[in-house]
Chemist: 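Dumping the structure here so I can ask a few things about it.
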Amino acid sequence: MSMISNPLQLNNGKIVQSKKEWFKKRRPELLDFFTTQVYGQMPDKPANMRFVITEDNNSVFNGLATRKQIKVLFEGTETGQQMSILLYTPNDIKSAPIFLGLNFNGNQAVSDDKNIAITTDWVNSKTKGVINNKATCSTRGIASKQWPLEMILKNGYGVATIYAGDIAPDFKEGYKTGVQTLYPELMNRPDNLSTMGAWAWGLSRAMDYLETDKDVDDKKVIVMGTSRMGKAALWAGATDNRFGMVISNESGAGGAKLYHHVYEEDIAQICRVFPHWFSTNFQQFNHKDTTIPFDQHLMMALIAPRPLLVASAKEGYVCDPYGEFLGAVAVSPVYDFLGKKPLPIQLLPKENEPAFGTLGYYMRSGKHDIFPYDWEQFIAFANLNWNKK
Ligand code: GTR
């Protein structure tokens, strides 16, 4: 693999000398680069945004948890752009740390409970139970294996999830109906608001709500996601330092993977299949995976010194587990420099052998997905970093 850049080297070639210089000079350089060249500009918090709690039920899972459903009205109106947060918090904890992540098919897919509102937004018709891009009742609970809610709650963590398509539908023309419609000034330009940018922005808007909810410890919100939602989680963590911890589960290209490690999906391919995920400027790097002067470790460096876990699956080939490991290795010097525990390993570990510092990595056996094993590792990583148990 050709040389990848030193995250501690400033654009002028000098090496960062102090923590202050990291935060005042290097970090802003990186943030500017990924904003203008990769994921695009992101709008501020909307002035008229308001929250409407549509459900507040403190006796779900036999009294284990409270479930809330919250409409985030971006324009302040019931008819305008909006997303719905599904939030579970454990009843035995005053204000709980929580996992926050986007889901693929609507909040109703996360659990089969009939009280969960079914998304009315566009959903991919390839999903079973989706007819003409609308989710039907038969999509209830189809992703419940990926969201082992009771197990997470019993471990003292809450869960908040949002359907990504409530924010921006996941197809090329999706910007015509997503939150991008609220920001015409950010569209039609080379550093346009991308779908990935919109999703990360939506996660920050969820954080705006979570800051107001007394059942949530807002210093302990872990932004996480699998695959494309893992890419969005990383970018959300990179752009919004209110997120106390970030977990990338098999985020692959555009996530934790280094493009310099050429394997499976490359820049040209991801830009061809999912052009909307990135801003137009990113296309300039098509076919330049091994010569680009940057790589994804520089994006993850924006998350430091906050805990970051990079999770791979051995057979998750599309996400290039070794490329994800190399991404974690490449960002590790930043953790070290900022006085945090770097990645404890230099060689790819065997499967199911987690290696956790403030920066962590593991490679699960099996396919591209999210299993209870993964949640167990997320909880162990959070417990370790937050000195729990
Ligand atoms: C793929 C995409 C991957 C990954 C995956 C997913 O088709 O190219 O980078 O994000 O989708 O989200 O499941």
Side-chain angles (χ1 to χ4, degrees), residues 34 38-40 101-106 109-110 122-128 130 139 142-143 145-147 161-172 174 178 194-200 202-203 223-238 246-279 282-283 285-287 289 292 295-297 299-300 309-328 363-364 366-371 374:
F34 283 94
V38 185
Y39 302 102
L102 299 173
N103 66 67
F104 283 79
N105 293 302
V110 166
W122 180 96
V123 183
N124 195 322
S125 280
K126 283 189 196 141
T127 305
K128 226 177 119 209
V130 174
T139 61
I142 57 170
K145 279 208 183 101
Q146 277 93 6
W147 297 89
T161 186
I162 302 150
Y163 171 47
D166 279 1
I167 307 163
D170 192 8
F171 64 101
K172 199 176 161 193
S194 65
T195 299
M196 211 49 79
W199 287 343
L203 287 163
V223 65
M224 57 74 62
T226 298
S227 216
R228 67 197 67 185
M229 306 315 173
K231 308 179 209 294
L234 286 171
W235 183 232
V246 183
I247 299 179
S248 146
N249 184 50
E250 301 160 51
S251 59
K257 169 209 161 76
L258 293 186
Y259 294 116
H260 279 79
H261 183 251
V262 179
Y263 180 79
E264 288 276 340
E265 201 172 31
D266 64 9
I267 298 177
Q269 186 184 331
I270 202 168
C271 286
R272 181 173 48 77
V273 184
F274 304 103
H276 54 291
W277 284 359
F278 305 93
S279 60
F282 189 54
Q283 309 260 357
F285 303 112
N286 282 347
H287 306 294
D289 301 70
I292 45 172
D295 215 321
Q296 290 298 105
H297 62 307
M299 189 268 272
M300 291 191 283
L309 172 59
V310 175
S312 298
K314 188 161 188 205
E315 294 161 28
Y317 307 115
V318 68
C319 290
D320 182 10
Y322 189 53
E324 293 179 318
F325 173 69
L326 294 174
M363 180 175 62
R364 169 176 57 68
K367 65 182 177 87
H368 182 60
D369 201 340
I370 181 165
F371 292 156
D374 296 299

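Count residues from 1 along the sequence. Start at 1 and go down the list; that is how both ligands and their atoms are numbered.
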Chemist: Does Asn249 use its side chain to pair, donor to acceptor, with the backbone of Gly225 at less than 3.5 Å?
Modeler: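 It does not hold such a pair.
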Chemist: So which protein heavy atom does atom 12 (O) of ligand 1 come closest to, and at what separation?
Modeler: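 Atom 12 (O) of ligand 1 sits closest to the protein heavy atom Arg228 NE, 2.6 Å.
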Chemist: Starting from atom 8 (O) of ligand 1, locate the nearest protein heavy atom and write down its residue, its atom name and how far away it is, to 0.1 Å.
Modeler: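 Its nearest protein heavy-atom neighbour is Glu265 OE2, 2.1 Å.
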Chemist: Tell me if a side-chain donor or acceptor on Ser248 pairs with a main-chain N or O of Ala256 at a distance below 3.5 Å.
Modeler: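 No; zero donor-acceptor contacts below 3.5 Å.
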Chemist: Under 3.5 Å between some N or O of ligand 1 and some N or O of Trp277?
Modeler: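 There is no such contact.
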Chemist: Under 4.0 Å from a heavy atom of His368: which atoms of ligand 1 are those, numbered in the order shown and with their elements?
Modeler: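 In order of number, 13 (O).
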Chemist: Which option out of Ser227, Ala232, Gly230 puts a heavy atom nearest to atom 6 (C) of ligand 1?
Modeler: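 Looking at heavy atoms only, Ser227 sits closest to atom 6 (C) of ligand 1.
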Chemist: What is the minimum heavy-atom distance between Met196 and Trp277, and which atoms define it?
Modeler: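 Minimum heavy-atom contact is CB-O, 3.0 Å.
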Chemist: Might you confirm whether atom OH of Tyr322 has over 12 heavy atoms from other residues, nucleotides or ligands at distances under 6.0 Å?
Modeler: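 For Tyr322, atom OH is not crowded (no more than 12 foreign heavy atoms under 6.0 Å).
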Chemist: Output, in order, the C-alpha distance, side-chain angles, deciding distance and verdict of side-chain hydrogen bond (donor to acceptor under 3.5 Å, both in side chains) for Ser227 and Glu250.
Modeler: CA-CA 5 Å; Ser227 216; Glu250 301 160 51; over 6 Å; no
Chemist: Regarding Asp266 and His287, is there a side-chain donor-to-acceptor distance under 3.5 Å anywhere?
Modeler: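 Asp266 vs His287: no donor-acceptor pair found between side chains.
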Chemist: For ligand 1 and Ser251, I'd like to know whether there is a polar contact (N/O to N/O, distance under 3.5 Å).
Modeler: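 No - when backbone and side-chain N and O of Ser251 are compared with those of ligand 1, no distance drops under 3.5 Å.
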Chemist: Below 4.0 Å, non-hydrogen atoms only: which portion of Lys231 touches ligand 1? Side chain, backbone, both or neither.
Modeler: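 Lys231 to ligand 1: side-chain contact only, backbone stays beyond 4.0 Å.
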